[in-house]
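Structure record follows, encoded as C-alpha coordinates.
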Amino acid sequence: MADLENRAILHVDMDAFFVSVELRDRPELLNEPVIVGFPGGRSVVLSASYDCRARGVRSAMPMSQAIALMPQATIIEPRHSVYTEVSAQIMNYFETITPLVEQVSIDEAFLDVTGSMRLHGGPVAIAHKIRAHVAEELHLPASVGIARNKFVAKLASTHAKPDGLIVVAPERTTEFLYQLPVSAMWGVGKKTGEQLHALGIETIEQLATEPQSRMIQRFGEHGRSLHLLAHGIDNRQVQTTRQEKSISAEHTFAGDVKDVEVLEEELLRLGHRLGQRLRASGKAASGVGLKLKYQDFTGVTRSRAMTVPTDSSATISQHAVELLRRMTPLSQSVRLVGVKAERLSDPELGIQLSLDPIEGKTREAERVADEISQRFPGFGLSPARFLRPKEK
(Lines give C-alpha, C1' and ligand atoms only; values in the text may rest on other atoms or scores of the structure.)
Protein backbone atom coordinates (compact mmCIF):
# COMPACT_ATOMS: atom_id res chain seq x y z
CA MET A 1 0.00 0.00 0.00
CA ALA A 2 2.92 2.34 0.59
CA ASP A 3 3.69 2.29 -3.14
CA LEU A 4 0.08 3.19 -3.90
CA GLU A 5 0.18 6.07 -1.42
CA ASN A 6 3.31 7.50 -3.05
CA ARG A 7 2.17 7.19 -6.65
CA ALA A 8 2.04 10.21 -8.94
CA ILE A 9 -0.45 9.81 -11.79
CA LEU A 10 -0.98 12.33 -14.59
CA HIS A 11 -4.04 12.38 -16.80
CA VAL A 12 -3.28 14.35 -19.96
CA ASP A 13 -6.28 15.35 -22.08
CA MET A 14 -5.92 17.31 -25.31
CA ASP A 15 -8.38 20.21 -25.46
CA ALA A 16 -11.04 19.98 -28.21
CA PHE A 17 -8.51 17.80 -30.04
CA PHE A 18 -10.02 17.65 -33.54
CA VAL A 19 -10.82 21.37 -33.50
CA SER A 20 -7.36 22.26 -32.15
CA VAL A 21 -5.64 20.31 -34.94
CA GLU A 22 -7.79 22.04 -37.55
CA LEU A 23 -7.11 25.52 -36.10
CA ARG A 24 -3.40 24.76 -36.04
CA ASP A 25 -3.50 23.98 -39.74
CA ARG A 26 -5.93 26.80 -40.56
CA PRO A 27 -4.79 29.74 -38.41
CA GLU A 28 -7.14 32.12 -40.25
CA LEU A 29 -9.93 30.52 -38.19
CA LEU A 30 -8.35 31.25 -34.81
CA ASN A 31 -10.82 32.92 -32.43
CA GLU A 32 -13.66 31.89 -34.73
CA PRO A 33 -16.37 29.34 -33.80
CA VAL A 34 -15.57 25.96 -35.36
CA ILE A 35 -17.38 22.63 -35.47
CA VAL A 36 -15.78 19.44 -36.78
CA GLY A 37 -18.22 17.05 -38.43
CA PHE A 38 -19.98 16.34 -41.69
CA PRO A 39 -22.51 19.05 -42.59
CA GLY A 40 -25.28 16.59 -43.53
CA GLY A 41 -28.60 17.15 -41.81
CA ARG A 42 -28.46 13.96 -39.70
CA SER A 43 -24.72 13.85 -39.07
CA VAL A 44 -23.40 14.51 -35.58
CA VAL A 45 -20.81 16.83 -34.04
CA LEU A 46 -17.40 15.22 -33.52
CA SER A 47 -15.79 18.21 -31.79
CA ALA A 48 -16.57 21.88 -31.16
CA SER A 49 -14.56 24.93 -30.13
CA TYR A 50 -15.13 26.22 -26.63
CA ASP A 51 -17.14 29.24 -27.74
CA CYS A 52 -19.52 26.81 -29.46
CA ARG A 53 -19.66 24.70 -26.33
CA ALA A 54 -20.59 27.77 -24.32
CA ARG A 55 -23.65 28.06 -26.57
CA GLY A 56 -24.63 24.45 -25.88
CA VAL A 57 -22.96 22.61 -28.76
CA ARG A 58 -21.75 19.18 -27.64
CA SER A 59 -20.08 16.13 -29.17
CA ALA A 60 -22.56 13.61 -30.64
CA MET A 61 -25.20 16.34 -30.98
CA PRO A 62 -27.07 16.24 -34.32
CA MET A 63 -25.36 18.64 -36.69
CA SER A 64 -28.66 20.30 -37.57
CA GLN A 65 -29.18 21.17 -33.91
CA ALA A 66 -25.60 22.45 -33.54
CA ILE A 67 -25.93 24.71 -36.59
CA ALA A 68 -29.18 26.10 -35.19
CA LEU A 69 -27.38 26.97 -31.95
CA MET A 70 -24.30 28.39 -33.70
CA PRO A 71 -25.21 29.33 -37.29
CA GLN A 72 -22.07 31.46 -37.70
CA ALA A 73 -19.74 28.51 -36.99
CA THR A 74 -17.40 27.18 -39.67
CA ILE A 75 -18.07 23.48 -40.32
CA ILE A 76 -14.94 21.45 -41.09
CA GLU A 77 -15.12 17.86 -42.31
CA PRO A 78 -12.91 15.56 -40.18
CA ARG A 79 -9.49 14.31 -41.29
CA HIS A 80 -9.13 11.14 -39.23
CA SER A 81 -5.78 10.12 -40.67
CA VAL A 82 -4.28 13.46 -39.56
CA TYR A 83 -5.73 13.12 -36.05
CA THR A 84 -4.33 9.60 -35.77
CA GLU A 85 -0.88 10.74 -36.85
CA VAL A 86 -0.83 13.64 -34.36
CA SER A 87 -2.06 11.32 -31.62
CA ALA A 88 0.83 8.94 -32.30
CA GLN A 89 3.30 11.83 -32.02
CA ILE A 90 1.83 12.81 -28.65
CA MET A 91 1.85 9.27 -27.26
CA ASN A 92 5.41 8.68 -28.47
CA TYR A 93 6.50 11.79 -26.59
CA PHE A 94 4.78 10.59 -23.40
CA GLU A 95 6.88 7.44 -23.59
CA THR A 96 10.06 9.54 -23.42
CA ILE A 97 8.85 10.70 -19.99
CA THR A 98 7.81 7.31 -18.59
CA PRO A 99 7.29 3.79 -19.97
CA LEU A 100 4.05 3.60 -17.95
CA VAL A 101 1.64 5.20 -20.42
CA GLU A 102 -1.96 4.04 -20.82
CA GLN A 103 -3.64 5.51 -23.87
CA VAL A 104 -7.35 5.82 -23.10
CA SER A 105 -8.48 7.33 -26.40
CA ILE A 106 -7.04 9.16 -29.39
CA ASP A 107 -6.52 12.32 -27.30
CA GLU A 108 -5.97 11.29 -23.68
CA ALA A 109 -3.69 9.10 -21.59
CA PHE A 110 -2.65 8.25 -18.04
CA LEU A 111 1.03 8.48 -17.12
CA ASP A 112 2.51 6.96 -13.97
CA VAL A 113 5.51 9.24 -13.34
CA THR A 114 6.40 7.85 -9.90
CA GLY A 115 9.67 6.39 -11.19
CA SER A 116 10.47 9.33 -13.47
CA MET A 117 10.75 12.11 -10.91
CA ARG A 118 14.44 11.66 -10.20
CA LEU A 119 15.19 12.35 -13.86
CA HIS A 120 12.47 14.84 -14.79
CA GLY A 121 11.56 16.49 -11.48
CA GLY A 122 8.31 16.32 -9.52
CA PRO A 123 4.91 15.65 -11.09
CA VAL A 124 4.12 19.37 -11.42
CA ALA A 125 7.41 19.99 -13.24
CA ILE A 126 6.69 17.03 -15.52
CA ALA A 127 3.20 18.33 -16.26
CA HIS A 128 4.59 21.76 -17.17
CA LYS A 129 7.16 20.06 -19.39
CA ILE A 130 4.48 18.07 -21.23
CA ARG A 131 2.22 21.07 -21.74
CA ALA A 132 5.15 23.16 -23.00
CA HIS A 133 6.20 20.45 -25.46
CA VAL A 134 2.78 19.96 -27.05
CA ALA A 135 2.33 23.75 -27.21
CA GLU A 136 5.73 24.57 -28.70
CA GLU A 137 6.36 21.52 -30.88
CA LEU A 138 2.84 20.51 -31.92
CA HIS A 139 1.10 23.87 -31.38
CA LEU A 140 -1.74 22.26 -29.43
CA PRO A 141 -3.24 22.91 -25.99
CA ALA A 142 -3.49 20.23 -23.30
CA SER A 143 -4.96 20.02 -19.81
CA VAL A 144 -3.39 17.91 -17.05
CA GLY A 145 -4.71 16.54 -13.79
CA ILE A 146 -2.29 15.26 -11.13
CA ALA A 147 -3.26 12.94 -8.26
CA ARG A 148 -2.19 9.73 -6.60
CA ASN A 149 -4.65 7.61 -8.59
CA LYS A 150 -6.34 7.47 -11.98
CA PHE A 151 -9.85 8.32 -10.83
CA VAL A 152 -8.92 11.59 -9.16
CA ALA A 153 -6.40 12.54 -11.88
CA LYS A 154 -9.11 12.17 -14.53
CA LEU A 155 -11.52 14.40 -12.59
CA ALA A 156 -8.73 16.94 -12.05
CA SER A 157 -7.94 17.22 -15.77
CA THR A 158 -11.63 17.71 -16.54
CA HIS A 159 -11.74 20.65 -14.13
CA ALA A 160 -8.47 22.03 -15.53
CA LYS A 161 -9.98 22.54 -19.00
CA PRO A 162 -9.31 24.37 -21.15
CA ASP A 163 -5.51 24.50 -21.27
CA GLY A 164 -4.96 24.22 -17.53
CA LEU A 165 -3.34 22.21 -14.75
CA ILE A 166 -4.84 21.05 -11.45
CA VAL A 167 -2.99 19.21 -8.68
CA VAL A 168 -4.93 17.24 -6.07
CA ALA A 169 -2.56 16.52 -3.19
CA PRO A 170 -3.27 13.23 -1.35
CA GLU A 171 -4.33 15.03 1.83
CA ARG A 172 -6.85 17.14 -0.13
CA THR A 173 -8.42 14.28 -2.09
CA THR A 174 -11.69 14.12 -0.15
CA GLU A 175 -11.95 17.92 -0.08
CA PHE A 176 -11.71 17.94 -3.88
CA LEU A 177 -14.14 15.05 -4.38
CA TYR A 178 -16.83 16.11 -1.93
CA GLN A 179 -17.64 19.27 -3.86
CA LEU A 180 -18.54 17.31 -7.01
CA PRO A 181 -21.87 15.79 -8.08
CA VAL A 182 -22.12 12.01 -8.32
CA SER A 183 -22.68 12.41 -12.07
CA ALA A 184 -18.96 13.28 -12.38
CA MET A 185 -17.97 9.76 -11.28
CA TRP A 186 -16.95 6.83 -13.45
CA GLY A 187 -19.77 4.34 -13.65
CA VAL A 188 -22.58 6.83 -12.94
CA GLY A 189 -24.62 7.05 -16.09
CA LYS A 190 -28.21 8.13 -16.51
CA LYS A 191 -29.74 5.01 -14.95
CA THR A 192 -27.40 4.82 -11.96
CA GLY A 193 -27.73 8.57 -11.48
CA GLU A 194 -31.50 8.27 -11.29
CA GLN A 195 -31.23 5.46 -8.75
CA LEU A 196 -28.84 7.47 -6.60
CA HIS A 197 -31.15 10.48 -6.85
CA ALA A 198 -34.03 8.31 -5.62
CA LEU A 199 -31.92 7.54 -2.55
CA GLY A 200 -31.34 11.25 -1.96
CA ILE A 201 -27.69 11.06 -3.06
CA GLU A 202 -26.66 14.03 -5.20
CA THR A 203 -23.00 14.64 -4.30
CA ILE A 204 -19.93 12.48 -3.88
CA GLU A 205 -19.82 13.54 -0.24
CA GLN A 206 -23.33 12.17 0.32
CA LEU A 207 -22.32 8.94 -1.41
CA ALA A 208 -19.23 8.63 0.78
CA THR A 209 -21.32 8.85 3.96
CA GLU A 210 -23.65 6.05 2.85
CA PRO A 211 -22.95 2.66 4.50
CA GLN A 212 -21.11 0.44 2.06
CA SER A 213 -23.48 -2.41 2.89
CA ARG A 214 -26.44 -0.36 1.67
CA MET A 215 -24.66 0.44 -1.59
CA ILE A 216 -23.80 -3.23 -2.16
CA GLN A 217 -27.37 -4.27 -1.36
CA ARG A 218 -28.73 -1.80 -3.94
CA PHE A 219 -26.06 -1.99 -6.70
CA GLY A 220 -24.09 -5.18 -6.04
CA GLU A 221 -20.32 -5.05 -6.65
CA HIS A 222 -20.81 -1.86 -8.61
CA GLY A 223 -22.03 -0.28 -5.37
CA ARG A 224 -18.84 -1.35 -3.59
CA SER A 225 -16.75 0.25 -6.36
CA LEU A 226 -18.71 3.51 -6.21
CA HIS A 227 -18.31 3.66 -2.44
CA LEU A 228 -14.54 3.19 -2.68
CA LEU A 229 -14.22 5.82 -5.40
CA ALA A 230 -16.25 8.28 -3.32
CA HIS A 231 -13.53 7.93 -0.67
CA GLY A 232 -10.82 8.52 -3.29
CA ILE A 233 -9.70 4.88 -3.28
CA ASP A 234 -8.62 3.60 -6.69
CA ASN A 235 -5.84 1.01 -6.75
CA ARG A 236 -5.82 0.33 -10.49
CA GLN A 237 -2.43 0.39 -12.13
CA VAL A 238 -1.59 2.25 -15.33
CA GLN A 239 -1.94 -0.45 -18.00
CA THR A 240 0.63 -0.16 -20.77
CA THR A 241 -0.69 -3.07 -22.85
CA ARG A 242 -4.02 -1.50 -23.84
CA GLN A 243 -4.45 -1.88 -27.58
CA GLU A 244 -7.23 -0.76 -29.85
CA LYS A 245 -8.94 -3.93 -31.10
CA SER A 246 -11.06 -2.28 -33.76
CA ILE A 247 -11.75 1.05 -35.44
CA SER A 248 -14.92 2.09 -37.17
CA ALA A 249 -16.43 4.80 -39.35
CA GLU A 250 -20.11 5.62 -39.83
CA HIS A 251 -22.29 7.88 -41.95
CA THR A 252 -25.87 9.04 -41.36
CA PHE A 253 -27.71 9.90 -44.55
CA ALA A 254 -29.66 13.13 -44.91
CA GLY A 255 -32.60 11.02 -46.06
CA ASP A 256 -33.33 7.30 -45.77
CA VAL A 257 -31.68 5.30 -48.57
CA LYS A 258 -32.63 2.00 -50.18
CA ASP A 259 -30.62 2.36 -53.40
CA VAL A 260 -27.88 -0.29 -53.08
CA GLU A 261 -25.58 1.63 -55.42
CA VAL A 262 -25.69 4.67 -53.11
CA LEU A 263 -25.00 2.45 -50.10
CA GLU A 264 -22.06 0.78 -51.84
CA GLU A 265 -20.54 4.14 -52.75
CA GLU A 266 -20.73 5.22 -49.11
CA LEU A 267 -19.09 1.97 -48.05
CA LEU A 268 -16.22 2.80 -50.40
CA ARG A 269 -15.83 6.20 -48.69
CA LEU A 270 -15.88 4.66 -45.22
CA GLY A 271 -13.40 1.95 -46.24
CA HIS A 272 -11.15 4.68 -47.66
CA ARG A 273 -11.19 6.50 -44.29
CA LEU A 274 -10.51 3.31 -42.32
CA GLY A 275 -7.57 2.37 -44.53
CA GLN A 276 -6.03 5.80 -43.96
CA ARG A 277 -6.42 5.44 -40.21
CA LEU A 278 -4.93 1.93 -40.21
CA ARG A 279 -1.88 2.99 -42.19
CA ALA A 280 -1.39 6.10 -40.04
CA SER A 281 -1.50 4.05 -36.83
CA GLY A 282 0.66 1.22 -38.19
CA LYS A 283 -2.09 -1.38 -37.84
CA ALA A 284 -3.73 -4.00 -40.04
CA ALA A 285 -7.16 -5.62 -39.77
CA SER A 286 -7.97 -9.32 -39.91
CA GLY A 287 -11.72 -8.80 -40.13
CA VAL A 288 -14.31 -6.40 -41.53
CA GLY A 289 -17.71 -5.59 -40.07
CA LEU A 290 -20.78 -3.94 -41.59
CA LYS A 291 -23.43 -2.04 -39.62
CA LEU A 292 -26.82 -0.89 -40.90
CA LYS A 293 -29.40 1.14 -39.00
CA TYR A 294 -32.81 1.11 -40.64
CA GLN A 295 -35.39 3.88 -40.87
CA ASP A 296 -37.24 2.45 -37.84
CA PHE A 297 -33.97 2.68 -35.83
CA THR A 298 -33.51 -1.09 -35.64
CA GLY A 299 -30.03 -2.25 -36.56
CA VAL A 300 -28.13 -5.23 -37.91
CA THR A 301 -24.42 -6.12 -38.07
CA ARG A 302 -22.47 -8.59 -40.17
CA SER A 303 -18.76 -9.46 -40.15
CA ARG A 304 -16.28 -11.68 -41.90
CA ALA A 305 -12.69 -12.80 -41.37
CA MET A 306 -9.96 -12.23 -43.96
CA THR A 307 -7.31 -14.76 -44.82
CA VAL A 308 -4.50 -12.28 -44.12
CA PRO A 309 -4.40 -8.91 -42.29
CA THR A 310 -4.63 -5.80 -44.45
CA ASP A 311 -4.37 -2.03 -44.24
CA SER A 312 -5.68 -1.52 -47.78
CA SER A 313 -8.66 0.78 -48.19
CA ALA A 314 -9.70 -1.04 -51.36
CA THR A 315 -9.68 -4.45 -49.68
CA ILE A 316 -11.69 -3.25 -46.68
CA SER A 317 -14.23 -1.57 -48.96
CA GLN A 318 -14.53 -4.67 -51.12
CA HIS A 319 -15.35 -6.91 -48.15
CA ALA A 320 -17.86 -4.39 -46.78
CA VAL A 321 -19.63 -4.22 -50.15
CA GLU A 322 -19.76 -8.01 -50.38
CA LEU A 323 -21.34 -8.18 -46.92
CA LEU A 324 -23.98 -5.68 -48.04
CA ARG A 325 -24.76 -7.60 -51.22
CA ARG A 326 -25.42 -10.74 -49.17
CA MET A 327 -28.12 -8.79 -47.30
CA THR A 328 -29.98 -7.59 -50.37
CA PRO A 329 -32.78 -7.11 -51.10
CA LEU A 330 -33.06 -4.86 -48.06
CA SER A 331 -36.21 -5.11 -45.98
CA GLN A 332 -36.42 -1.32 -45.52
CA SER A 333 -34.52 1.91 -46.15
CA VAL A 334 -31.27 2.68 -44.33
CA ARG A 335 -30.57 5.80 -42.27
CA LEU A 336 -27.01 4.92 -41.13
CA VAL A 337 -24.25 2.73 -42.49
CA GLY A 338 -20.94 1.86 -40.82
CA VAL A 339 -17.78 -0.15 -41.47
CA LYS A 340 -15.49 -1.60 -38.81
CA ALA A 341 -11.91 -2.86 -39.15
CA GLU A 342 -11.61 -5.67 -36.60
CA ARG A 343 -8.93 -7.75 -34.86
CA LEU A 344 -6.14 -5.23 -35.36
CA SER A 345 -2.49 -6.27 -35.34
CA ASP A 346 0.91 -5.01 -36.39
CA PRO A 347 1.16 -5.21 -40.21
CA GLU A 348 4.65 -6.67 -40.26
CA LEU A 349 3.35 -9.71 -38.43
CA GLY A 350 0.96 -10.82 -41.14
CA ILE A 351 0.48 -8.75 -44.27
CA GLN A 352 1.23 -10.76 -47.38
CA LEU A 353 1.77 -9.13 -50.72
CA SER A 354 -0.72 -10.23 -53.32
CA LEU A 355 0.44 -11.81 -56.56
CA ASP A 356 -2.17 -9.67 -58.32
CA PRO A 357 -0.22 -6.70 -59.78
CA ILE A 358 -3.34 -4.51 -59.73
CA GLU A 359 -3.76 -4.99 -55.98
CA GLY A 360 -0.10 -4.19 -55.42
CA LYS A 361 -0.41 -0.97 -57.43
CA THR A 362 -3.56 -0.03 -55.52
CA ARG A 363 -1.83 -0.37 -52.15
CA GLU A 364 1.12 1.66 -53.38
CA ALA A 365 -1.21 4.38 -54.69
CA GLU A 366 -2.92 4.51 -51.28
CA ARG A 367 0.40 5.03 -49.51
CA VAL A 368 1.40 7.79 -51.94
CA ALA A 369 -1.95 9.49 -51.30
CA ASP A 370 -1.27 9.27 -47.55
CA GLU A 371 2.10 10.96 -47.97
CA ILE A 372 0.59 13.78 -50.02
CA SER A 373 -2.12 14.35 -47.39
CA GLN A 374 0.54 14.50 -44.67
CA ARG A 375 2.71 16.98 -46.57
CA PHE A 376 -0.20 19.15 -47.68
CA PRO A 377 -2.90 18.94 -44.97
CA GLY A 378 -5.26 21.25 -46.82
CA PHE A 379 -5.28 19.01 -49.87
CA GLY A 380 -5.82 15.31 -50.27
CA LEU A 381 -6.25 12.55 -52.81
CA SER A 382 -9.23 10.24 -52.94
CA PRO A 383 -10.54 7.65 -55.41
CA ALA A 384 -11.81 9.26 -58.64
CA ARG A 385 -15.23 7.70 -58.15
CA PHE A 386 -15.82 10.04 -55.21
CA LEU A 387 -15.53 13.00 -57.56
CA ARG A 388 -18.22 11.76 -59.93
CA PRO A 389 -21.19 14.14 -59.92
CA LYS A 390 -24.14 12.58 -58.18
CA GLU A 391 -27.34 12.19 -60.14
CA LYS A 392 -30.29 14.23 -58.94
Side-chain angles (χ1 to χ4, degrees), residues 11-87 89-90 104-109 131 134-136 138-145 154-166 180-181 183-184 188-190 193 247-255 269-270 273 276-277 335-336 338 373 377-380:
H11 182 260
V12 185
D13 198 350
M14 306 303 295
D15 297 325
F17 181 52
F18 293 176
V19 167
S20 295
V21 172
E22 296 298 342
L23 293 179
R24 181 195 68 175
D25 295 344
R26 298 177 62 176
E28 71 276 9
L29 294 177
L30 286 172
N31 302 318
E32 297 291 332
V34 169
I35 297 173
V36 174
F38 292 98
R42 293 197 295 185
S43 298
V44 298
V45 174
L46 297 182
S47 184
S49 57
Y50 282 96
D51 47 0
C52 290
R53 297 183 187 197
R55 293 282 293 273
V57 178
R58 296 286 183 270
S59 295
M61 171 182 285
M63 185 64 75
S64 57
Q65 185 178 345
I67 293 174
L69 289 170
M70 207 70 175
Q72 68 272 39
T74 299
I75 311 300
I76 301 177
E77 294 193 3
R79 298 180 296 154
H80 292 287
S81 61
V82 176
Y83 309 145
T84 301
E85 180 187 4
V86 175
S87 173
Q89 293 172 341
I90 294 167
V104 182
S105 67
I106 193 171
D107 63 345
E108 61 179 308
R131 281 169 33 82
V134 297
E136 295 168 7
L138 300 176
H139 308 291
L140 297 172
S143 294
V144 181
K154 167 67 173 176
L155 289 176
S157 71
T158 298
H159 284 263
K161 286 181 170 293
D163 197 19
L165 166 64
I166 287 182
L180 302 176
S183 59
V188 179
K190 181 179 179 181
I247 59 173
S248 59
E250 298 179 350
H251 175 74
T252 301
F253 294 103
R269 294 180 188 275
L270 296 176
R273 286 166 52 187
Q276 287 180 319
R277 292 171 61 184
R335 74 185 313 271
L336 177 148
S373 296
F379 302 90

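Hydrogens, waters and symmetry mates play no part in the numbers below; they use all other heavy atoms, side chains included. Position 1 is the first residue of the sequence, and the numbers go up from there.
- No donor-acceptor distance shorter than 3.5 angstrom exists from the side chain of Arg53 to the backbone of Arg58, with no hydrogens or angles considered.
- Remark: His11 NE2 to Ile166 CD1 distance equals 13.0 Å, nearest 0.5 Å.
- Atom CD of residue Gln89 and atom CG of residue Leu140 lie 9.0 Å apart, to the nearest 0.5 angstrom.
- The salt bridge (charged side-chain N to carboxylate O under 4.0 Å, His left out) check on Arg131 picks up Asp163, with sequence neighbours excluded.
- A side-chain donor-acceptor contact under 3.5 Å links Arg55 to the backbone of Leu69.
- Ser49 meets the side chain to side chain donor-acceptor pair (under 3.5 Å) test with Asp51; sequence neighbours excluded.
- Asp13 and Ser143 form no side-chain donor-acceptor contact under 3.5 Å, judged by distance and modelled atom types alone.
- Side-chain N or O atoms of Ser20 include one that pairs as donor or acceptor with a backbone N or O of Ala16 at under 3.5 Å.
- Side chain of Ser47 to backbone of Val36: no donor-acceptor contact under 3.5 angstrom is found.
- The structure places OH of Tyr83 at 9.0 Å from CD1 of Ile106, a figure rounded to the nearest 0.5 Å.
- Not counting sequence neighbours, the partners of Glu28 by the salt bridge (charged side-chain N to carboxylate O under 4.0 Å, His left out) test are Arg26.
- At a cut-off of 3.5 Å, with distance as the only test, a side-chain donor of Arg273 or His80 sits close to an acceptor on the other residue.
- Atom-to-atom distance recorded for Ser87:OG and Glu108:CD is 10.5 Å, nearest 0.5 angstrom.
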